[in-house]
Amino acid sequence: MSLASPLASPLAHPLSAVRQRIAQAAAAAGRDPHSVTLLAVSKTFPAEDIARAAALGQTAFGENYVQEAVDKIAALRPDWPALQWHFIGPLQSNKTRDVAEHFDWVHSIDRLKLAQRLSDQRPAELDPLQVCIQVNVDSETTKSGVRPEDASALAAAVAALPNLRLRGLMCIPAPREGLDAQRAPFARLRALRDAIAAEHGLTLDTLSMGMSADLEAAVLEGATIVRVGSAIFGARPALGAKA
Ligand SMILES: *Cc1c(COP(=O)(O)O)cnc(C)c1O
C-alpha cells in the first residue's frame, strides 16, 4: 500500500523525535549518528502504520510474532520491496521456516537448535540470514536469552553454520531508572561482545540494544541497532496470548 502525504502523517513527529534522540546521544558519545540503525518495532500495529513510517524514510522494521509478521510482509512487499525485516521475539522451533524464508535478520537466537534449523531452512537464493545471539544479561530466570557464561560457546557454533551470518549480540535488560543504572547492563553486553570476538577471531559489528525507555544509555554504550516501538507507533494494546 502506498500513501499520499507523508508530511501530514501522524508518525512524522514521533519518528523525527526518536531520530533526534539517537543523534543527540550519538553526539554525546562522540559517535557518528549514522553508526546507529533505528529499527522500528511494529509488532501489533497494522501494515498501514508500517507504510506510513516507510513513506517517512524508515526502512528497517522489527516484528515479534511470526504469523502476524508474514501477513504484513506479504501485504507490504508489492509497494515497499526494499524494506528490511528483523525478527526480534522469542522463536519456537516449529516456526523457524517462515522466519528463514521471509526475514533478513533474527536477533533472538538463544539456542543452537534454533540456529541450525534457520540455517537448514534458509532458501539458497537468499543472502545468509543475519543473526544476533540474545543474552540474558541480567540473568533473570523468566527472560529468554542465553546465560552470559554460555554465550561464547553458542557464538562459536552459530558462526560455523553455513547460511547464517553472526553479527553480534542482543539484550533486553530489566527496566531501570536513571541513565547510569541503564548503562550498566549495556556496558556488560559490549564487553561480552568484545571478549567473544577476540576469543574466536570473529568480526561482531552489531550490538542490538536500547528501546523506547533506554535508547540513550544504549547508544552511549555502543549500540549499533536500537529497537524502538512505542515511542514511534504509540502504546501497544496489552499483550494477550498472542504468539
Ligand atoms: C517490543 C520490543 C521492543 C520495543 O519496545 P518499546 O519499549 O516499545 O520501544 C524492542 N525489542 C524487543 C525484543 C521487543 O519485543
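Indexing begins at 1, ligand by ligand and atom by atom, following the structure's order. Hydrogens, waters and symmetry mates play no part in the numbers below; they use all other heavy atoms, side chains included.
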Novice: Counting both backbone and side chain atoms, is some N or O of Met211 under 3.5 Å from an N or O of ligand 1?
Specialist: no

Novice: Salt bridge or not for Asp49 and Arg52, using N-O below 4.0 Å?
Specialist: yes

Novice: So if I count the atoms of ligand 1 from 1 in the order they appear, which ones are less than 4.0 Å from some heavy atom of Gly229?
Specialist: 4 (C), 6 (P), 8 (O), 9 (O)

Novice: What residue and atom, counting heavy atoms only, is the protein's closest point to atom 12 (C) of ligand 1, and at what distance?
Specialist: Ile88 CD1, 3.5 Å

Novice: For atom 9 (O) of ligand 1, which candidate among Ser212, Cys171, Ala235, Ser144 holds the nearest heavy atom?
Specialist: Ser212

Novice: Do Leu207 and Leu192 belong to the same hydrophobic cluster, where Ile, Leu, Val, Met, Phe, Trp and Tyr are linked whenever their side-chain heavy atoms lie under 4.5 Å apart, directly or via other members?
Specialist: yes

Novice: Within the 4.0 Å heavy-atom shell around Val228, which atoms of ligand 1 are there?
Specialist: 9 (O)

Novice: To the nearest 0.5 angstrom, please state how far the CE atom of Met211 sits from the CG atom of Leu39.
Specialist: 11.5 Å

Novice: Give the single entry among Glu63, His86, Lys43 that approaches atom 14 (C) of ligand 1 most closely by any heavy atom.
Specialist: Lys43

Novice: For a 4.5 angstrom cut-off between non-hydrogen side-chain atoms, does Glu63 reach Ile50?
Specialist: yes

Novice: Pull out every atom of ligand 1 sitting under 4.0 Å from any heavy atom of Asn64, numbered as shown with elements.
Specialist: 14 (C), 15 (O)

Novice: Can you confirm whether Asp205 sits close enough to Thr224 that some side-chain heavy atom of one is under 4.5 Å from a side-chain heavy atom of the other?
Specialist: no

Novice: Inspect the contact between Asp150 and Arg147 and indicate whether a charged nitrogen and a carboxylate oxygen are less than 4.0 angstrom apart.
Specialist: yes

Novice: Could you list the atoms of ligand 1 found under 4.0 angstrom from a heavy atom of Ile172?
Specialist: 13 (C)

Novice: Below 4.0 angstrom from a heavy atom of Arg227, which ligand 1 atoms are there? Numbered from 1 as shown, please.
Specialist: 4 (C), 9 (O), 10 (C), 11 (N), 12 (C), 13 (C)

Novice: Does a side-chain heavy-atom distance below 4.5 Å link Gln116 with Leu161?
Specialist: yes

Novice: Applying a 4.0 Å heavy-atom criterion (strictly less than), which segment of Arg236 is in contact with ligand 1: side chain, backbone, both, or neither?
Specialist: side chain

